[in-house]
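Working notes, beginning with the structure itself.
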There are 2 protein chains.
Amino acid sequence: MDRREEIILAAEKSFSMFGYKATTMDQVAKIANVGKGTIYTFFSNKEELFHSIVWKMVEEMKDISERTAIEGASFQENAHARIMQLLKFRETHQLFIKLIEEEKELRTPAVGDVLTTIEKEIVNFIAGKIDRGIAKGELKPCDSKLIAYLLFKSYLALVNDWSKTHDDQLTEKQITDVLNNTIFSSLLV
Amino acid sequence: MDRREEIILAAEKSFSMFGYKATTMDQVAKIANVGKGTIYTFFSNKEELFHSIVWKMVEEMKDISERTAIEGASFQENAHARIMQLLKFRETHQLFIKLIEEEKELRTPAVGDVLTTIEKEIVNFIAGKIDRGIAKGELKPCDSKLIAYLLFKSYLALVNDWSKTHDDQLTEKQITDVLNNTIFSSLLV
DNA sequence: AATAGACCAAAATGGTATTCTGGTCATTTT
DNA sequence: AAAATGACCAGAATACCATTTTGGTCTATT
């Protein structure tokens with residue numbers, strides 16, 4: 001069996017279950033049925049192994065979001081569906097959940113760094129969609145990075161943060177209504 | 001000299017300099033030139049004293065923001081000026097700075113609670129302005145709480161968070177442009 | 001009646017002995 | 001010869017416990 005692949009699977013399992021800090025290289029080696037030294041022939045250190053796993057997750061997340069697009073739907077509809085998918089992934093995927101938890105409770109620096117990188121990657125992903133919308137003439141030209149940032153932060157605020165200070169969650173209709181009237185409407189030609 | 005006032009002044013000084021956790025009741029008593037027991041005749045415990053000081057600060061902040069309004073200016077202009085003032089206060093006022101720092105580094109629960117309360121108060125303050133705009137016929141009817149929340153979170157994102165993941169800060173023009181085109185434009189009649 | 005500060009239980013802190021962990025490398029296996 | 005292993009090590013993390021600090025009380029004093 002491919003040792004590199006075994007190691008990656010073991011690392012995914014361990015990081016997902018215990019987080020970055022509580023995952024030991026011995027642990028990974030044991031799950032992968034591999035000597036600890038072997039890991040170091042494929043990954044130069046724990047952090048590189050971690051990045052590798054996280055990057056794989058990000059690619060999967062973008063893939064899923066991509067596939068969410070509806071044929072023939074408007075830009076707003078697709079953008080909304082895609083971003084909601086990203087947020088759902090964020091709250092559903094074992095590893096992602098664990099990383100957010102670890103960032104909140106433990107403040108592990110490596111985890112903070114990785115979460116920042118992921119956020120940048122997501123915003124770039126959204127900015128790319130906006131640029132494509134502009135190129136296709138569906139959207140007005142605009143500062144796509146800035147709009148993507150504002151859009152993502154707004155979704156995070158409405159979907160995740162609102163319920164932290166309010167008893168009720170916002171309904172999806174409330175969210176689409178307010179964003180269609182504000183950010184999205186400013187984008188359309 | 002009014003002992004209650006002395007205690008409040010001493011507490012303001014100590015909380016501003018050392019934060020909540022590192023401020024001791026002995027410290028406050030000493031600064032106020034008062035026996036420790038005396039504090040407890042005016043405030044039932046440390047947390048109540050703290051709330052009292054923080055509440056005073058919030059009132060001052062709202063006051064300053066209020067006074068920032070420009071006669072005869074449009075809703076957007078006033079709203080922008082007021083919210084920027086709130087954010088500036090947040091980054092300028094000794095006690096506020098200390099509380100944000102303590103929340104980030106120490107995670108003192110009492111501080112987290114208080115910061116949440118302050119955020120709610122600010123959002124309510126903004127929602128009130130929106131309601132008044134609606135009543136005066138300057139704005140379309142809307143869910144003012146929701147818009148106030150989105151607006152405040154957007155300002156925080158653009159003014160405070162952007163620079164954490166980007167080298168350059170956003171200019172005030174970039175911020176007003178994007179918000180005028182999006183959230184504000186949806187509000188106007 | 002108001003104030004003070006000695007006092008107390010509980011929590012926080014500091015110091016240190018012990019364990020754990022990432023990474024290496026000489027040895028073993030293939 | 002090339003790949004894999006796991007004993008080994010230095011430094012980091014943890015657990016432990018003695019000591020100090022702190023919020024809050026309560027009796028003595030003004």
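First the proteins, then the strands, lettered A, B, ... as listed; each starts at 1. Worth knowing before you read on, the calculation uses all heavy atoms, side chains too, and leaves out hydrogens, waters and symmetry mates.
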Practice task
Measure the shortest side-chain to side-chain distance between Ile8(A) and Phe42(A) over non-hydrogen atoms and say whether it is less than 4.5 angstrom.
Solution key: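 Answer no - side chains too far apart.
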
Problem - Nearest-nucleotide 5' precedence on DNA chain C, Lys36(B) against Glu47(A) - result: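 The residue closer to the strand's 5' end, by nearest nucleotide, is Lys36(B).
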
Handout entry: Criterion ring-ring contact (aromatic ring centres under 6.0 Å, His included) on Phe184(A) and His80(A), from CA distance to verdict
Key = CA-CA 10 Å; Phe184(A) 283 123; His80(A) 175 76; 7.6 Å; no

Handout entry: Glu59(A) and Lys62(A) ion-paired at < 4.0 Å
Key =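 Salt bridge between Glu59(A) and Lys62(A), a charged N being under 4.0 Å from a carboxylate O: yes.
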
Exercise for the section: Could you tell me whether Glu66(B) and Lys129(B) have a side-chain N and a carboxylate O separated by less than 4.0 Å? Expected result: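 Looking at Glu66(B) and Lys129(B), the cut-off is met.
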
With sequence neighbours excluded, what pairs up with [X] under the side-chain contact (heavy atoms from CB on, under 4.5 Å) test?
X: Asp26(A); result: Thr24(A), Lys36(A)
X: Asp63(B); result: Arg67(B)
X: Asn33(A); result: none
X: Asn78(B); result: Ala69(B), Ile70(B), Ala73(B), Arg82(B)

Practice task
Using the test side chain to side chain donor-acceptor pair (under 3.5 Å), find all partners of Gln169(A) that sit at least two apart in sequence or belong to another chain.
Solution key: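 With sequence neighbours excluded, Gln169(A) shows a side chain to side chain donor-acceptor pair (under 3.5 Å) to no residue whatsoever.
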
Problem - Aromatic ring proximity, centroids under 6.0 angstrom, His51(A) and Trp55(A) - result: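 No; His51(A) has its ring centre 6.0 Å or more from that of Trp55(A).
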
Practice task
Take atom CD1 of Ile39(A) and atom P of dG22(C), then tell me their distance rounded to the nearest Å.
Solution key: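 It is 9 Å, rounded to the nearest whole Å.
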
Problem - Nearest-angstrom distance from the residue atom CZ of Arg4(B) to P of dT3(C) - result: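 Between P of dT3(C) and CZ of Arg4(B): 13 Å.
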
Practice task
Tell me, please, the opening and closing nucleotides of DNA chain D, 5' to 3', among those with an atom under 4.0 angstrom from a non-hydrogen atom of chain B.
Solution key: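 The contact span of chain B on DNA chain D goes from dT22(D) to dT25(D).
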
Practice task
Please check the phosphate of dG22(C) (OP1 and OP2 only) for any side-chain N or O of Lys46(A) closer than 4.0 Å.
Solution key: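 Looking at the OP1 and OP2 atoms of dG22(C), one of them is under 4.0 Å from a side-chain N or O of Lys46(A).
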
Exercise for the section: For the helix from dA1(C)-dT30(D) to dT30(C)-dA1(D), measure the angle between the helix axis at one end and the axis at the other, each built from five pairs, rounding to 10°. Expected result: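 The helix from dA1(C)-dT30(D) to dT30(C)-dA1(D) shows an end-to-end axis angle of 20°.
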
Exercise for the section: Mind running a 4.0 Å heavy-atom check of residues 98-106 of chain B against DNA chain D and sending the residues that fall below it, in number order? Expected result: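 Nucleic-acid contacts, sorted: none.
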
Handout entry: Contacting residues from residues 7-32 of chain B, given that a heavy atom lies under 4.0 angstrom of DNA chain D
Key =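 Residues of residues 7-32 of chain B under 4.0 Å from DNA chain D: Thr23(B), Thr24(B), Met25(B).
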
Distance-only donor-acceptor pairs under 3.5 Å for side chains of residues 133-143 of chain B, two or more places apart:
| from | atom 1 | to | atom 2 | distance (Å) |
| --- | --- | --- | --- | --- |
| Lys136(B) | NZ | Glu138(B) | OE2 | 3.1 |
| Asp143(B) | OD1 | Lys145(B) | N | 3.4 |
| Asp143(B) | OD1 | Leu146(B) | N | 3.2 |

Problem - Phe50(B): partners by ring pair (Phe, Tyr, Trp, His ring centres under 6.0 Å), with sequence neighbours left out - result: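 Partners of Phe50(B) under the ring pair (Phe, Tyr, Trp, His ring centres under 6.0 Å) test: Phe15(B), Tyr20(B).
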
Problem - side-chain hydrogen bond (donor to acceptor under 3.5 Å, both in side chains) contacts in which one or both residues fall within residues 101-117 of chain A, not counting sequence neighbours - result: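 The answer is Glu102(A)-Thr108(A).
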
